[in-house]
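The next block holds one structure in the form of structure tokens; read it before the comments.
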Amino acid sequence: MPWQCDWSGRFRLSLFGSDPQADYESIVQESFGRRMDRRHPELSLVLLKPTRSVPHEGGHILSESSPVYQTLKQWIADGAPWIHGPPSQFLRLEMIQNPDSSLQLNGYFQRGTEIVKQDLTSRAHFRSTDESVVSVLADHRLSFHGPGEAYVIGQFLGWTHRMHLINSHGELSSETGTVPALGAHESPDPLSRIWRQSLQDVGLEIPQTAEPWRVIRRLFLSVAGRPPWPNELDHLDSLVQQGQSMESLLDQAFGMASQSISFQKKWGQWLSDWLELPGDPQDKKAGDPALQRSLDEVLSGNQSMMDLIRKIVDPQSSRHLRQHYADPRDRAEFVSRAFLGIQLGCARCHNHPDDRWTQINHLRFSACFSNAALNTDLSPIAFSSQPQPDGGMQEKSGDFLYLPGSGYAVKPALLPLQQFMDTESSAVSLVDWIQSSARSTIARNLSNRIFKELIGVALVEPVDDHRLSNPARYESILSVLSQWMMDGDFNLKMIIRQLVMSEPFRIAALNPDELDASRREVAFDYIQLRKPQLLDVDQWVLAVSGVLGVELPPFEVATSPLAHQLALLNSSWFDRALEVPGNQFEVLNQFATDVDGIQRTQELHRMVFSQPLSETNARKLLEAAIQARPGDDIVTSLKAVLRGMVLSPEFCSIR
Amino acid sequence: MKLSRRTSLKIFGAIPFIPGLVEVAMAARATDRHFILLWMDGGMSHIDTLDPKPEAGADIRGPLDVVRTSLPGVMFTEPLKDLAKLMDRCCLVRSLTSPEGNHDRGSHYMLTGHRPSSLVQYPSIGSVVASQFHGDIGLPPYVAIPESHEYGREGFLPAHLGPFDTGGDPGKPGFRVKNLEPHTQSEAVLSVLDTLRNLQSQPLSQDELDRGGFLNQARLTTQNSFVRDLFDLGQESSTVRESYGHHKLGQSCLLARRLVEGGSESCSGSGYGVGPSCQYQPGTDLWISTETHRIESGIEPVDTRFGAAWAGFKSYSDACK
């Protein structure tokens, strides 16, 4: 147990008050109780020293008029009891804003049959999630600054309450003051409606969405990891000519992208990263065969992600947990991180002030993953609910989680996902708990991760840190997505489709420089949806594979950015890629009729950038290659043009 | 660029264990001296090499005899007799230690000047030096031969100050740093890239600009045959290569010398030196002398060309003292 506050070399209190019983003994009973004077509380050493009423090496910590001093003094006068008054149960927190803009945090306690309300403001911490919008002053008053929205978080011990505040941008016209209705051809999906409402709430007008070709390109890159092929673009162009709606276009585009092999590759990698699977996800021989089959089923839409999660957690279905994590604490942290979106690891060693999860929570949840818990019905020898002073846990024979020196095995308990929930959960198995109590938490976590993958930024960041004091940027959007996830039985393809069909996705495809300068900063500083995402090596290879339409060899990963660029510029990888039989560059040249290569340059540009290129600009590009090496034939020059295109910043990121 | 001591200390973030490092770096710049770090994992037993205890009992001083060095009052063990002759040109630091008793944490402390922290990634000494004195000739400011240590990276400094790992094994025949030779189409590709940039008017994000910076650096490196030649050990005579020793450490040292001659601000070479005294066995002095002989031989060319010895750091913790 970590110790702190070694005032005199003997008087010690636990770190962050994590051991109240030991602290009580130190203050009240140690050294024959010399620190307390129950008859004259104001003469107690525990009050005289921090107020520097007696010589003391420590600083002046308390003043006699402070609430803390008064509370301590009263407690001493009451006899310094271990439990002050009748036992009470913490029921809930409430945060209110007074007329003078000051905050007040009230706690409600159950004492016997009575519910008591107590003002906790002086002992609480307050902070804002966006100081540019609102800040909390030292006297707990709110100070509003720029437009936008923010949460004010109030915390007392490990309990949290939050308040949502909005400072309007004031963009909406005073004449209408209403949100523009969705167009007649646009499907009024809940996500788009809520998105518009959230903008209206902060007084912002709706920014225009990106041009169709840009949205479609981004859809293909986000869903399938590759740009659309020319024939796909031609088909979608024909739909535009026929006057079909944007929604219809996106639906068609999604159908094409999701049925391609590159969809399997991209989302197979995403699933592997999420589940922290080692090695190449395409290596079917590695890992757990049952798990690999489940991954394939999820990708094809035949199985839900909840089934996959259930299989991983259920020891009868998969060896994954036991194979990759020997320590039950590591198993518990993986499950909470990957599936629940909760960072539990911080509580592994000790409690932290203002943190929801205690060491006990961690310990008892970890016990659910001991070999005994995974293999048989739970039947511990005995249990202790208090960590021992020398801390640390040990696994004995892999069966139970024991407390060192105690001989006690820890009694397993599932995480109390609702604040103020009793830590003693009912007798529900881990697998059933995943599918019932934890279902909405898992839906929220997965929705956030998929949103980040498609849009470029997460609604909750970090993605494994969902908690009251870390609110979502758009809570209403996350709620809708989570509900869709549950209603759709955690179908991966379904949720991806819903997102790419929505207005936020279309706005995410917008280049901020396409907005007029007067609105650029306001809309995008607020929305912050759109950021070019650099492609990593594997994503870049997937995109180039998509352009060429063939499976390409892996690209050797260099250890430094400079070495990587040198490899891209000088290695023979691209030469080998263009030798793969049936690649689109080969096909293009096979049926070429333009001797000068201009038309082929234009087609290459469309393959790589999904946009047409004028004849003039195509000539400039090709001439740049020819002039650098005049002796090359036209095909070699076109190779240089293609190579330059796929090395360009525009291709190397999703923009 | 001249830096005041105060400014330098602020920038370097107070590396307390080597208070003179800033002055060394500044002085090096002023006189075209550079910085080579030899990171010898494992660490030599100091009492069997550079810090003998001849007056201690036999159970402490070990079986090796001592020799006087060219520095009065300083003695080395007998296998290092050649190095002993050069001590008037070297600075020997026997007081260097680490508050960390763990290899990994001690290495971090030695390489960055800070104890490991989960909150901050500290830059290594190579990156710090590179941040102050980098020119723009296409030669990477910080080169790691053949690869950088886990804690030998740029930390919170910009990525371009991180090490360029040569890869491979310089001790093996035919060693070449990959991808330095321009592809036959490199010129054409770069010309196409420049033309594309002019045609596409979309502004780039900071991440894209950073990546473009590395592409530009790759372009400079590729186009500059002088830079490429610096990495070519084949341009050294067989005599010189022999004197450094045909093994990874020796040839790494030679490559490091070539690079700092060419203008790279800092290089790090790594190797596995002799083990700690607890592993010393009687009768293995031949092994010790062979290894150190090769290291010692490398000093002469360094000495004649640079006029100062290179600094070497021990990574070993106090565990084996």
Side-chain angles (χ1 to χ4, degrees), chain A residues 511-514 530-535 556 558-575 601 605 608-609 611 613-614 616-618 620-630 632 636-653 655, chain B residues 118 138-144 146-148 153-154 158-160 162-167 177-223 228:
Chain A
N511 182 342
D513 293 296
E514 292 174 11
R530 189 196 171 283
K531 287 180 183 177
Q533 298 162 252
L534 291 183
L535 300 179
E556 185 183 331
T559 52
S560 69
L562 173 60
H564 178 64
Q565 293 300 321
L566 281 168
L568 286 174
L569 198 54
N570 297 328
S571 77
S572 58
W573 180 84
F574 202 72
D575 301 319
T601 303
H605 191 275
V608 175
F609 298 114
Q611 277 195 95
L613 184 69
S614 69
T616 307
N617 286 340
K620 284 181 186 174
L621 269 180
L622 187 57
E623 281 174 1
I626 292 171
Q627 283 168 13
R629 284 185 61 86
D632 285 344
T636 304
S637 297
L638 285 169
K639 281 184 185 176
V641 169
L642 178 60
R643 192 164 176 162
M645 286 179 178
V646 299
L647 290 187
S648 68
E650 286 76 9
F651 184 79
C652 291
S653 61
R655 354 185 61 246
Chain B
S118 57
L139 182 62
Y142 174 18
V143 179
E147 60 200 11
S148 52
R153 309 202 65 83
E154 71 274 15
H160 71 272
F164 171 70
D165 292 358
T166 62
V177 178
K178 283 184 183 176
N179 300 317
L180 287 182
E181 285 298 322
H183 190 278
T184 53
Q185 287 197 311
S186 291
E187 281 299 322
V189 171
L190 290 168
S191 180
V192 167
L193 272 169
D194 290 339
T195 308
L196 263 176
R197 188 87 291 271
N198 292 331
L199 295 180
Q200 289 165 330
S201 58
Q202 292 180 35
L204 301 179
S205 69
Q206 189 56 50
D207 285 343
E208 290 169 323
L209 286 170
D210 289 345
R211 182 177 275 188
F214 284 110
L215 187 58
N216 280 337
Q217 193 174 2
R219 177 200 299 241
L220 277 173
T221 303
T222 300
Q223 290 174 338
R228 295 201 308 271

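In what follows, every chain begins at residue 1, and chains take the letters A, B, ... in the order their sequences are listed. Keep in mind the model is a prediction, meaning the values are calculated, not measured.
Atom-to-atom distance recorded for B/L215:CG and A/H564:NE2 is 10.0 Å, nearest 0.5 angstrom. Rounding to the nearest 0.5 Å places CG of A/N570 at 4.0 Å from OG1 of B/T222. Atoms OG and CD, on A/S648 and B/E208 in that order, are 9.5 Å from each other to the nearest 0.5 Å. For the atom pair A/R643 CZ and B/S186 OG, the distance stands at 6.5 Å (nearest 0.5 Å). Rounded to the nearest 0.5 Å, atoms CG (A/L535) and CZ (B/R211) are 7.0 Å apart. Atoms CG and CG, on B/D194 and A/L621 in that order, are 11.0 Å from each other to the nearest 0.5 Å.
For the salt bridge (charged side-chain N to carboxylate O under 4.0 Å, His left out) test, residues two or more places apart in sequence or in another chain that qualify with A/E556 are B/K178. For A/E650, the salt bridge (charged side-chain N to carboxylate O under 4.0 Å, His left out) partners two or more places apart in sequence, or in a different chain, are B/R197.
Using a 4.5 Å heavy-atom cutoff, the side chains of A/Q627 and B/S191 are not in contact. For the pair A/F574 and B/V189, the minimum side-chain heavy-atom distance is 4.5 Å or more. You'll find the side chain of B/H183 reaches within 4.5 Å of the side chain of A/D575, heavy atoms only.
Each of A/S653, A/A624, A/A563, A/S572 has some count of heavy-atom pairs under 4.5 Å with chain B, and the biggest count is that of A/A624. For the options B/T184, B/L180, B/L190, heavy-atom pairs under 4.5 Å to chain A are most numerous at B/T184.
Residues A/S560 and B/P163 approach most closely at CB-O, 3.3 Å, considering heavy atoms. Nearest heavy atoms, B/P140 versus A/L562: CG-CD2, 3.6 Å.
The one candidate from A/L569, A/L568, A/L566 that meets the side-chain contact (heavy atoms from CB on, under 4.5 Å) condition with B/N179 is A/L566.
Heavy atoms of B/L199 lying under 4.5 Å from chain A belong exclusively to its side chain. Of the atoms belonging to A/H605, it is side-chain heavy atoms, and not backbone ones, that fall under 4.5 Å from chain B.
Of the possible polar contacts, none joining the A/Q565 side chain to the B/Q217 backbone as a donor-acceptor pair under 3.5 Å is found.
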